[in-house]
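As structure tokens, the structure follows; a few thoughts come after it.
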There are 2 protein chains.
Amino acid sequence: MANFKKRFTADAYAEGILQGDRIMLSRAITLVESALREDALLSEQVLEKVMHATGKSLRIGITGVPGVGKSTFIEAFGTYLTGLGKKLAVLAIDPSSQRSQGSILGDKTRMEELSHNPAAYIRPSATGSSLGGVTTKTRESMLLCEAAGFDIIFIETVGVGQSETAVHGMVDFFLLLMLAGAGDELQGIKKGIMEMADAIVINKADGDNIQLASNAKIAYENALHLFPPSDSGWYPKVLTASALKNEGLTHLWELILNFEKHMKARGQFEKNRNEQNLKWMKETIRHQLEKLFYDADAVKRVLAAKETEVIERKVPANVAARQLLDLFF
Amino acid sequence: MANFKKRFTADAYAEGILQGDRIMLSRAITLVESALREDALLSEQVLEKVMHATGKSLRIGITGVPGVGKSTFIEAFGTYLTGLGKKLAVLAIDPSSQRSQGSILGDKTRMEELSHNPAAYIRPSATGSSLGGVTTKTRESMLLCEAAGFDIIFIETVGVGQSETAVHGMVDFFLLLMLAGAGDELQGIKKGIMEMADAIVINKADGDNIQLASNAKIAYENALHLFPPSDSGWYPKVLTASALKNEGLTHLWELILNFEKHMKARGQFEKNRNEQNLKWMKETIRHQLEKLFYDADAVKRVLAAKETEVIERKVPANVAARQLLDLFF
């Protein structure tokens, strides 16, 4: 798609973004998402030119399985935050959209109220050929949104794939949405996601569900108490909320502000971001090295056969690796 | 050290190992642990020659923070298993031993009874320059132990470092040792380790501690119930045990056999091992590619400066990565 669209100069993109021009921001994100090599170089230039204006937002990751009420929650919490005078950008990563365009189109009309809110900007994530690709593009898009003046960035994932670890590695605060009726609804959540959460919100705590949600809150609090705190000394908190009834949102926002204060007081906020950035650099290097290796004809030709030998235990895995490396060099 | 020792032919090592000759096994593990390039090639040959005799043991990872009674537990459980006629090998990974030889020497006398047991073989892990290095050597040592006829392999880690993920990636069953008095003793356990456990044993359930251990068991059961099962459909179990009084060991062994049956009935046992092997191959490739990159003079010369630029947000991390990659090629 992007190939048929008009390009601007890096200066034009950067200037537009720094002035908060949404159309230029959208075009720049499209550029970031493009698979063309010349677009990648141009978007690098744009990013470098706006770099000085990045880093000022609060980055919040939000995850939860389908059915947990994520869209309604983001709509309600987002509207609450814009009501406080905040400018909010929502970036959504949907692994399924890598395969079909359907869910991306769906995303656009999903948050009806927020999408018409002048203080909010909603952008579904790029389709991409690899998870590494999608998430590095999300990082770049996040920086562009910051440069465009957004105070808060939501990065939304569906909680069933591998993108959560990547998102955890690019946000300041990681929020997990759950439902009451602990147990069954967890089948879809991947192992390890709960341990990354800075807070769990039991959503849909309304009507007949209030008591159940309150029980679930206690159960999760007890469970989380058994888990070690993160290096920052922050113990994950559990809240109940009703996105439908706009309840629990003030409490959640206070919690997030407390978290930010806690982290900044210990120098953990900046430390975490620095580590995230260095890790991003190293992951990019690793992806490129691996891409080069696995795309090489000499490797491609024998990889499947080598894998079979390893599975059939005809050759130890480390020996197979060495043989492939010998072919590569 | 290894450089001054006598080498044998690959055939001699392999023959000795396949005959269950402990001295040859120990020498082969020393070879595996050697940092010399020619030793690496020789140990590859040994491994290839014994490969057909590997894969028949049950591989059990055991972790827990210092103070949890790991040595006493392994001594008691190991003695119990050899009492059933099993041949047991214990490989211990101790990250601190990468720095000083002290704890390795300590390890040797740690399990007094087991170390004099003719059906048991205890070997502290190699010192190594990197975690990747240590764990790949542990995998190779594990295969050599299998070829030497051991039925059960324990791989022991201290539960405070990063080696647990690597060990989880090479064993069939992952056991976490805990103490009663939930909460405080967890400070040392790294996040994410509990989610990898196939079973938790509350150790030191004896004397005044019995009631506490029983309470802890219930608390952990409730907590684990909130977590998703692994892909195999196995829900982690919680047991109490007293290594000191030899209590709970039969129950644990039955649990492990049930686990094995559960996994084999679903084809998950083999599937898991195949995935582990392919992952080992890919990780070896990745480590080698990264080593080549970070050892390159062109990269070494500017890496620290580039990292500073990234931290100071003078350059986006992905752009810094591309610049380093350009220097490398």
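Basis for what follows: all heavy atoms, side chains included, without hydrogens, waters or symmetry-related copies. Labels below follow one simple rule: chain letters A, B, ... track the order of the sequence lines, proteins then strands, and each chain is numbered from 1.
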SB check [X] [Y] (cutoff 4.0 Å):
{"X": "Glu140(A)", "Y": "Lys137(A)", "result": "no"}
{"X": "Arg286(B)", "Y": "Glu290(B)", "result": "no"}
{"X": "Glu48(A)", "Y": "Lys314(B)", "result": "no"}

Identify the heavy atoms of Arg139(A) and Gly169(A) that sit nearest to each other, and give their distance. NH2-O, 3.1 Å

Measure across Arg273(B) and Gly55(B) and return the closest heavy-atom pair with its distance rounded to 0.1 Å.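 Closest approach of Arg273(B) to Gly55(B), heavy atoms only: NH1-O, 2.6 Å.
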
For chain B, find which of Leu47(A), Val310(A), Leu278(A), Asn318(A) contributes the most heavy-atom pairs closer than 4.5 angstrom.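 Heavy-atom pairs under 4.5 Å are most numerous for Asn318(A).
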
Out of Lys279(A), Glu312(A), Lys282(A), return the one with the most heavy atom pairs under 4.5 angstrom to chain B.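 Most heavy-atom pairs under 4.5 Å with chain B: Lys282(A).
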
Identify which part of [X] has an atom lying under 4.5 Å from any heavy atom of chain B, answering side chain, backbone, both or neither.
{"X": "Leu292(A)", "value": "side chain"}
{"X": "Leu324(A)", "value": "side chain"}
{"X": "Glu283(A)", "value": "neither"}
{"X": "Leu325(A)", "value": "side chain"}
{"X": "Arg322(A)", "value": "side chain"}

Let me see the working for Leu143(A) and Val50(A) under side chain to side chain contact (heavy atoms under 4.5 Å, CB included), right down to the final yes or no. CA-CA 8 Å; Leu143(A) 293 176; Val50(A) 304; 6.0 Å; no

Part of Asn277(B) lying under 4.5 Å from any heavy atom of chain A: both

